Amino acid sequence: MSGSADLVTPALLLSLGLFAIGVVGVFLRRNVITVFMCVELMLNAVNLAFVAFSRWRGTLDGQVLVFFVLTVAAAEAAVGLAIIIAAQRNKDTLDLDAFNLLKW
Amino acid sequence: MLPNYVPILILGAVALGFSVFTLVLSHLLGRPRPTAAKSEVYECGMPPIGTARERFPIKFYLVCMIFILFDVDAAFFYPWALVFRELGVFGFVEMLVFVGLLGSGFVYAWKVGALDW
Amino acid sequence: MTPVQQELLIATGKVLVFVGVFLGLFSGMTYVERRLLAFMQFRLGPNRVGPFGLLQPVADGIKLFFKEEVMPEGANKWAFMAAPALAIVTAFLAIAVVPYGPTVHLFNRDIPLQIADLDVGVLFLFAISSLGVYGIVMAGWAANNKYTLLGGLRSSAQMFSYELSLGMSWVGAIILAGSFRISDIVASQAGWFIPNWNFFRQAPGFLVYLVAATAEVNRTPFDLPEAETELVAGFHTEYSSMRFALLQMAEYVNMMTVAAVGTSLFFGGWLAPVPGLQHVFGRDIGLLWFLLKMGAGLFFFIWLRGTVPRFRYDQLMNFGWKVLLPLATLNILGTAAWIAFSK
Amino acid sequence: MTLDAILFYVFAAAALGSALVVVGQRHPTYSAFALIVTLCSLSAVFGLLGSPFIAVLQVVVYAGAIMVLFLFVLMLLRVTREERPAGGGWALKATAIGLGAVLAAQVGSVLATVARGPGAPGFNASTVSVARLLFSPAYLYVFEATSILILAALVGAVALAKRDL
């Protein structure tokens with residue numbers, strides 16, 4: 001895996017593309033869980049940017065940061081989905097428009 | 001020199017090819033002739049009741065969630081074990097604090113009954 | 001041919017040989033398992049097809065190929081068909097990182113008996129085993145059947161509960177070897193088998209591995225997912241023909257991988273138990289040692305199936321979380337403390 | 001083109017394609033399956049960028065754990081297709097895509113000003129070097145803070161789900 005080919009710029013473009021797709025998904029989709037998955041997609045795009053920069057700079061800090069992003073993502077998924085389940089039990093729907101109150 | 005991940009790609013391709021080949025061959029040889037009774041969902045001979053797209057106990061979900069969090073914990077164990085000989089006592093104490101904090105969460109989950117079935 | 005093409009050719013050849021060997025072992029295993037189980041239960045087992053029933057696997061294979069495929073009503077077709085393929089691909093990917101023997105000299109080249117000696121070796125195994133859940137979840141969910149759904153759910157919950165302990169049971173061995181490469185872990189166990197094998201140095205770790213691995217491959221006494229007394233056949237209730245066979249094959253390949261990995265991580269892999277026995281007539285017989293140890297592991301699985309009754313599901317989950325996981329963690333910390341303070 | 005580059009583009013295309021399926025699909029379960037494909041392709045991309053450790057970790061944590069939880073929740077809540085057309089009327093949809101494009105353009109312009117030049121030559125992050133940095137004193141507090149984060153998530157999630165036990 002020597003770095004003869006320059007893959008940094010394509011990787012950043014890919015990261016950008018995934019991020020944009022994630023953003024559009026967050027805007028367009030109605031299901032909370034799908035929106036959540038789009039957020040995960042954006043997180044992954046960021047991870048990719050970290051890895052690409054890590055390769056460009058030749059340092060490893062980017063990779064260590066990915067480690068922590070993964071941890072945050074795991075914590076976020078656990079709590080977020082717990083909230084979604086609790087909310088679904090109250091509202092009996094997963095439509096985002098139904099969750100428009102801070103308190104119920 | 002070939003990159004060392006290439007054999008794994010080949011292995012994946014071979015395994016995939018094998019499974020697709022087998023499935024297609026058996027599809028061609030087996031000649032499916034579905035009838036209403038045959039393609040009915042199997043419920044020990046009884047007429048099926050409702051659909052299988054049922055809700056299931058939240059237990060499964062809860063355990064899965066705890067699994068995720070401890071999976072991250074395991075993911076941290078790996079690199080730590082790799083360089084442990086260099087870290088020595090410092091690394092041991094570092095991980096002890098980490099595990100201690102997580103362990104208190106584990107004890108909480110245990111006491112609350114999240115681990116009971 | 002350019003050197004790269006040569007290497008590509010060799011890698012492909014090696015992959016084909018390994019896949020072939022594992023498929024052969026799979027069919028042999030189905031026969032041996034049925035025969036041994038029968039003997040343990042004072043029966044004869046399959047003995048009609050060919051001498052001693054040796055051709056039984058062939059007959060089974062042919063029969064399964066000609067069986068009709070049934071697609072249950074209301075099933076998610078693509079997921080239903082993809083699940084067996086997924087299961088088999090993840091099962092086969094896991095065999096890549098295990099070193100099966102010493103480097104052999106063939107066609108004027110040194111060929112290691114390992115598909116890929118990855119820098120991330122053990123972690124790769126962990127990753128692949130965590131992907132193995134999908135085949136079963138998909139199979140259970142896609143068939144639109146309550147038994148399969150329950151079986152798939154149970155199975156996946158069981159698999160990831162024990163996967164955690166499985167992944168942690170290796171960490172002690174990693175600490176001792178200071179490397180993820182399985183070949184390095186094997187090398188760290190060189191010498192006399194007492195006390196160099198991780199089986200002795202990592203006894204609690206091995207115990208955790210044994211239990212977790214048995215649960216991970218859904219073998220008795222942890223075969224809850226396909227508990228026929230309550231769930232018909234669990235996640236593969238609706239499967240027939242080769243789709244069923246592929247799911248079964250994935251299970252057996254997983255079992256063999258587990259035996260191979262256990263051999264490498266805890267029993268010195270292809271190294272002889274006594275240094276003098278590594279070479280016989282000047283030839284390295286590491287592969288034989290490996291097969292011997294792996295065979296013993298596989299026999300153990302069959303023996304277990306003939307001996308131990310099935311757990312109840314709540315016992316299984318409680319055991320995994322409340323006994324095995326703390327034990328695995330304590331083993332890691334204990335090993336670390338031993339290394340850190342004995343210096 | 002080297003083999004690395006070819007494979008990179010193959011997996012990048014797979015990641016982009018499956019990401020589009022994630023967003024375009026009405027049925028959340030299929031979205032989840034597509035996202036698993038995205039994550040695995042991204043893992044391959046990470047590997048090709050010379051970070052095998054992160055690549056494997058991506059599969060362990062994301063594809064192997066987080067997505068299982070997503071699938072479980074989708075099954076648990078008996079999710080069906082979204083019934084209403086996505087995002088209301090076409091005006092709203094256009095706004096959404098427009099806003100997405102603006103955000104993407106912003107990020108892109110930042111990336112374009114920063115990233116220039118080829119990757120560091122011969123860069124290949126061995127697992128040992130990543131592990132060494134991760135457990136160096138520089139990241140000590142972050143590492144310990146992570147455990148507090150996991151602890152908080154654990155307690156929070158258990159407490160949220162507990163009332164249904």
Side-chain angles (χ1 to χ4, degrees), chain A residues 1-12 14 16-25 27-31 33-34 37-38 40-41 44 48-49 51-58 60-61 63-64 66-68 70-75 77-79 81-86 88-89 94, chain D residues 2 4-5 8 12 15-16 19-20 22-23 28 31-32 35 39 42 45-46 49-51 54 57 61 65-66 69-70 73-74 77 79 82 84 86-87 93 96-97 99-100 103-104 107-108 111 115 118-125 129-130 133-134 139 142 146 149-150 153 156-157 160-161:
Chain A
M1 275 182 254
S2 63
S4 59
D6 174 26
L7 294 176
V8 174
T9 314
L12 285 172
L14 173 64
L16 176 63
L18 289 176
F19 192 83
I21 292 175
V23 171
V24 171
F27 281 137
L28 282 185
R29 294 260 66 105
R30 283 307 180 77
N31 191 306
I33 300 180
T34 317
M37 285 194 268
C38 292
E40 298 289 337
L41 199 58
N44 265 282
L48 179 57
V51 170
F53 280 127
S54 157
R55 185 195 169 103
W56 173 48
R57 308 271 305 170
L60 294 174
D61 293 85
Q63 309 207 3
V64 173
V66 174
F67 224 112
F68 293 119
L70 283 178
T71 317
V72 172
V79 178
L81 288 171
I83 292 174
I84 288 177
I85 288 183
Q88 200 263 0
R89 301 221 155 195
L94 285 172
Chain D
T2 60
D4 275 10
F8 175 86
L16 275 180
L20 283 174
V22 173
V23 173
S31 283
L35 188 55
L39 295 172
L42 268 181
V45 167
F46 289 165
L49 286 172
S51 357
I54 299 299
L57 216 61
V61 176
I66 296 181
L69 184 64
F70 269 97
V73 171
L74 288 170
L77 299 182
V79 182
E82 287 179 37
R84 290 184 302 156
K93 205 178 274 184
I97 293 177
L99 279 174
L103 190 52
V107 177
L111 288 186
F123 173 70
N124 190 6
S129 49
V130 177
L133 184 63
L134 176 60
Y139 285 99
V142 188
T146 308
L149 173 73
I150 301 177
L160 272 169

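Atom set for the values below is all heavy atoms of this structure, side chains included, hydrogens, waters and symmetry mates excluded. In this text the structure is predicted, and so the values were computed from the model without any measurement. Residue numbers begin at 1 in each chain, while the letters A, B, ... track the order of the sequences.
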Requested in this report: Check the pair A/Leu48, D/Leu49 against side-chain contact (heavy atoms from CB on, under 4.5 Å), reporting the backbone distance first and the verdict last.
Outcome: CA-CA 9 Å; A/Leu48 179 57; D/Leu49 286 172; 3.8 Å; yes

Report task. List in chain and number order the residues that pass side-chain contact (heavy atoms from CB on, under 4.5 Å) with D/Ala65, two or more places apart in sequence or in another chain; answer none if no residue qualifies. Result -> B/Phe67, B/Ile68, B/Asp71

Report summary line: A/Ala73 meets the side-chain contact (heavy atoms from CB on, under 4.5 Å) criterion, sequence neighbours left out, with A/Glu40, A/Leu43, A/Glu76, D/Tyr62, D/Ile66

Counting only non-hydrogen atoms closer than 4.5 Å, does [X] touch chain A with its backbone (N, CA, C, O), its side chain (CB onward), both, or neither?
| X | answer |
| --- | --- |
| D/Leu69 | both |
| D/Leu20 | both |
| D/Phe70 | both |
| D/Leu35 | side chain |

What are the two closest non-hydrogen atoms of [X] and [Y], and how far apart are they?
| X | Y | answer |
| --- | --- | --- |
| A/Ala86 | D/Leu160 | CB-CD2, 4.5 Å |
| A/Ile21 | D/Ala19 | CG2-O, 3.6 Å |
| D/Val23 | A/Cys38 | CG2-SG, 4.1 Å |
| D/Asp4 | A/Leu7 | O-CD1, 4.4 Å |
| A/Gln63 | D/Gly50 | NE2-O, 4.2 Å |
| D/Val61 | A/Ala74 | CG1-CB, 4.4 Å |

Query raised in the report: Is it the backbone or the side chain of A/Leu81 that comes under 4.5 Å from a heavy atom of chain D, or both, or neither?
Result: side chain

Report summary line: In terms of heavy-atom pairs under 4.5 Å with chain D, the winner among A/Val72, A/Asn44, A/Leu14, A/Val24 is A/Asn44

Query raised in the report: CD1 of D/Ile54 to CZ of A/Phe67: how many Å apart, nearest 0.5 Å?
Result: 6.5 Å

Requested in this report: Step by step, work out the side-chain contact (heavy atoms from CB on, under 4.5 Å) result for D/Tyr139 and A/Asp61.
Outcome: CA-CA 10 Å; D/Tyr139 285 99; A/Asp61 293 85; 2.7 Å; yes

Query raised in the report: Among D/Val22, D/Leu103, D/Val142, D/Leu39, which has the most heavy-atom pairs under 4.5 Å with chain A?
Result: D/Val142

Report task. Measure the shortest side-chain to side-chain distance between A/Leu18 and D/Leu42 over non-hydrogen atoms and say whether it is less than 4.5 angstrom. Result -> yes

